[in-house]
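Okay, so here's the structure we're looking at.
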Protein chains: 2
Amino acid sequence: MKRPTMKDVAQAAGVSLMTVSRVVSQTPGVSPDTAAKVEQAVRRLGYQRNDNARNLRQKRLGTSAIGLVVDDLANPFYALMARSIEDEAHRRGYVVLVGSTNDEPRRERDVIAAFTARQVDGLIMVPTIGSHGFLRTALEAGTQVVCVDRPAKDLDVDTVTVDNRDGARRAVTHLLGHGHTRIAYLGDRHNIWTQSERYAGYQDALAAHGLPTDPALVRHGLRSPVDTRLALAALGALPEPPTALFSSNDLITQGVLDGMEDDGGPRSTGRPAPMAVVGFDDLPLAKRLDPPLTVVSQDPVAIGSTAANLLFTRIAGDRSAPRNVVLLTRFVERRSGERPAPAP
Amino acid sequence: MKRPTMKDVAQAAGVSLMTVSRVVSQTPGVSPDTAAKVEQAVRRLGYQRNDNARNLRQKRLGTSAIGLVVDDLANPFYALMARSIEDEAHRRGYVVLVGSTNDEPRRERDVIAAFTARQVDGLIMVPTIGSHGFLRTALEAGTQVVCVDRPAKDLDVDTVTVDNRDGARRAVTHLLGHGHTRIAYLGDRHNIWTQSERYAGYQDALAAHGLPTDPALVRHGLRSPVDTRLALAALGALPEPPTALFSSNDLITQGVLDGMEDDGGPRSTGRPAPMAVVGFDDLPLAKRLDPPLTVVSQDPVAIGSTAANLLFTRIAGDRSAPRNVVLLTRFVERRSGERPAPAP
DNA sequence: ATGAAAGCGCTAACAG
DNA sequence: CTGTTAGCGCTTTCAT
């Protein structure tokens with residue numbers, strides 16, 4: 001009923017505990033005969049080594065566990081990233097502990113504390129806006145850390161991000177190229193790094209065309225589809241409504257699409273949407289929409305594997321200066337950005 | 001540079017190691033004065049308790065870790081489920097180890113072995129088609145197990161599934177109700193439990209309308225969008241092609257939508273799809289398609305939290321007979337299933 | 001090739 | 001209230 005230990009196996013096989021240890025951990029120096037005896041006892045008792053106890057004693061190899069801390073594991077972007085990290089970890093014989101912060105610094109701290117208390121060898125994290133001073137101890141103790149998706153302001157560690165600003169700039173430039181001059185910006189909280197970067201890209205593009213940023217056309221802090229629909233309605237009620245729109249993440253894009261449907265009244269399905277739109281982040285059925293949705297897309301799998309590789313290099317002993325890897329976005333031109341600006 | 005231990009803290013605070021243990025683990029029976037001294041030393045050294053060592057000694061409370069083993073963490077369905085399980089775990093102070101099996105029994109075994117070797121208190125798993133005898137040992141040792149999404153044939157444990165058969169039946173009945181008699185079935189490998197259940201539901205519906213199952217209209221084993229497009233093309237080339245189609249999972253539905261676009265030639269965007277279709281699993285933008293996609297939807301969040309609750313009840317000591325929870329699907333009627341059957 | 005002893009970091013069970 | 005002794009399950013080190 002109880003979990004057998006090496007002692008039990010030793011007794012069953014008529015050898016010393018140490019011999020069992022050698023066999024179970026594949027250490028050379030055991031005669032084939034005794035090894036066979038031990039292996040049989042192992043099978044008979046259904047013995048499995050307790051790796052926690054093992055790691056306690058033998059800290060040379062660490063715990064072969066890493067922690068992954070993301071905003072929200074249910075977000076397809078992070079889910080893809082997580083899978084790719086998990087694959088890399090699995091290949092190397094590591095397990096991964098996973099936790100969502102929900103963008104709450106408090107929860108982030110709890111999750112990370114729970115992970116480091118279990119002696120993870122490394123941490124891949126999507127940092128919240130909070131402070132990360134509490135990580136200094138872990139860092140000094142040798143826990144390797146890599147930030148993904150956004151940098152942690154107060155943490156000098158390897159970081160993997162994409163060029164959000166450039167991506168947004170290209171998106172808005174595309175809209176500009178189709179004659180739009182009143183382009184709305186719909187974004188999540190501005191204090192999220194990716195969002196402020198994308199907003200900067202939006203402004204870059206306007207400025208490059210000699211256009212000012214009209215505060216009436218920019219809406220930050222959209223956290224849900226509902227927020228977005230409200231913002232959209234407000235935009236539509238403006239004396240001079242925008243003719244195009246840049247949406248700063250997938251959730252907002254969803255809200256935009258839903259909101260536009262409302263404008264059409266009953267049976268508006270299939271009617272052209274009233275504005276040109278380009279969104280940050282691709283959506284699974286984007287190309288099947290009417291019109292097909294033009295987006296700036298990131299590659300979460302590449303981001304994840306890059307981060308994992310950095311982390312495992314660190315775990316393997318690399319102590320060089322922190323690296324900052326910036327991946328590029330891909331501009332996927334479909335048709336939703338091509339709707340021409342109406343004549344003035 | 002090294003990680004401080006209780007011994008270090010004890011020395012720094014001028015007390016015994018045991019006193020530190022009491023303070024750190026909030027055990028009553030320490031004078032406020034000494035507690036303060038200890039706490040200060042803890043802060044000064046940046047001490048954090050090693051929970052692995054702790055769990056080794058104090059096994060009364062287990063390790064407060066559970067394992068989650070899914071097919072593919074990147075699949076939005078499992079990602080949502082994982083998040084919901086993680087939330088339940090977090091609420092209770094548990095961490096979660098996560099692993100994808102990729103539907104390979106070999107990898108499933110590896111992942112589970114790695115988890116049990118680390119003494120997880122419980123396991124929530126989406127079982128592969130493989131055998132699960134290797135779990136017997138863990139079960140006897142007291143590891144609690146809950147199956148999700150599909151049952152493990154050779155494992156008598158709590159299981160949470162949805163009524164796949166009923167869901168499929170309703171979907172196909174809907175198609176039948178619109179006059180279709182040649183309804184195709186597109187599914188993944190038939191030996192996956194959910195798939196055979198859905199196929200059974202498809203047959204149920206046909207039988208209830210006195211219709212035979214035409215083998216030419218059923219395609220199993222579709223593992224990718226490419227497979228699906230091929231199957232779709234073959235179906236279209238039939239002497240008597242189907243007029244409607246039931247797709248047995250979200251991936252296949254994607255392939256179907258893409259495949260239909262091809263049929264239309266260049267610039268077919270927005271053209272009505274040639275067949276009525278209903279799919280199992282909802283898709284994020286399903287309602288924005290033209291026509292909006294009718295689906296059978298499951299609630300991964302509910303599935304996850306149900307499984308988590310079962311697991312934690314077991315971990316808390318419940319030893320009653322294994323439960324089998326079957327959740328219902330929701331039929332989301334939009335328009336893609338309403339395309340009428342053409343006159344003969 | 002095998003085993004005995006010590007100890008990883010912590011807590012249970014007793015002392016004082 | 002505080003400290004001492006043992007020992008969780010395993011590996012290291014050193015004998016034999």
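Just so it is clear, the structure is predicted and the values come from calculations on it, not from any experiment. Every chain is numbered from 1, with letters handed out A, B, ... down the list of sequences.
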Fill in the blank from the handout: Of B/Leu56 and B/Pro28, the one whose nearest nucleotide on DNA chain D sits closer to the 5' end is B/Pro28
Problem - N/O (side chain, A/Ser21) to phosphate O (OP1/OP2, D/dC10) under 4.0 Å - result: no
Problem - Pairwise distance CD1(B/Ile303) to CD1(B/Ile85) - rounded to 0.5 angstrom - result: 9.5 Å
Fill in the blank from the handout: Side-chain atoms of B/Ser31 come closest, of C/dC8, D/dC10, D/dT2, to D/dT2
Practice task
Assign B/Thr27 to base, sugar-phosphate, or nothing according to its heavy-atom contacts below 4.0 angstrom with the strands shown.
Solution key: nothing
Exercise for the section: Classify the side chain of A/Arg57 versus the base of C/dG9 as yes if they form a donor-acceptor pair under 3.5 Å and no if they do not. Expected result: no
Handout entry: Modelled atom types, side-chain donor and acceptor of B/Arg60 and B/Asn55, under 3.5 Å
Key = no
Problem - Rounded distance in Å - CG (B/Asp51) to P (C/dC8) - result: 19 Å
Practice task
Check step by step if side chain to side chain contact (heavy atoms under 4.5 Å, CB included) holds for A/Val20 and A/Val15.
Solution key: CA-CA 7 Å; A/Val20 177; A/Val15 298; 3.9 Å; yes
Practice task
Ignoring backbone atoms, test whether A/Thr19 places a side-chain nitrogen or oxygen under 4.0 Å from the OP1 or OP2 oxygen of C/dA1.
Solution key: no
Practice task
Round to a whole Å and report the spacing from CD of B/Gln26 to C1' of C/dT11.
Solution key: 15 Å
Practice task
Rounded off to whole Å, could you give me the CE-to-C1' distance for the A/Met18 and D/dC10 pair?
Solution key: 9 Å
Practice task
Would you indicate, yes or no, if D/dT11 has its OP1 or OP2 atom less than 4.0 angstrom from a side-chain nitrogen or oxygen of A/Ser25?
Solution key: yes
Practice task
Describe the nucleic acid contact of A/Lys7 in one word from base, sugar-phosphate, nothing, applying a heavy-atom distance below 4.0 Å.
Solution key: nothing
Problem - C/dC8 OP1/OP2 closer than 4.0 Å to side-chain N/O of A/Gln58 - result: no
Practice task
Check whether any side-chain N or O of B/Lys59 sits under 4.0 Å from OP1 or OP2 of D/dG9, and answer yes or no.
Solution key: yes
Practice task
Report which part of the nucleic acid A/Arg49 touches: base, sugar-phosphate, or nothing (heavy-atom distance under 4.0 Å, all strands).
Solution key: sugar-phosphate
Handout entry: Integer-rounded Å distance: C/dC10 P and B/Gln119 CD
Key = 18 Å
Fill in the blank from the handout: Of D/dC10, C/dC14, C/dG9, the nucleotide closest to the side chain of B/Arg22 is C/dC14
Fill in the blank from the handout: Whole-Å distance, B/Leu61 CG to D/dC8 C1', equals 14 Å
Practice task
Run the salt-bridge test on B/Arg107 and A/Glu86 with the 4.0 Å N-O cut-off and return the result as yes or no.
Solution key: yes
Handout entry: Gap between atoms CG and C1', on B/Asp33 and D/dT2 respectively (whole Å)
Key = 14 Å
Practice task
To the nearest Å, give me how far apart CG (A/Leu17) and C1' (C/dT2) are.
Solution key: 12 Å
Handout entry: B/Ser16 side chain near D/dT4 phosphate (N/O to OP1/OP2, under 4.0 Å)
Key = no
Problem - Between D/dG9 (C1') and A/Gln48 (CD): distance, integer Å - result: 13 Å
Practice task
Answer yes if the side chains of B/Asp318 and B/Ser320 hold a donor-acceptor pair under 3.5 Å, and no otherwise.
Solution key: yes
Problem - N/O (side chain, B/Thr34) to phosphate O (OP1/OP2, D/dC1) under 4.0 Å - result: no
Exercise for the section: Supply the atom-to-atom distance A/Ile66 CD1 to A/Ile124 CD1, rounded to the nearest 0.5 angstrom. Expected result: 4.5 Å
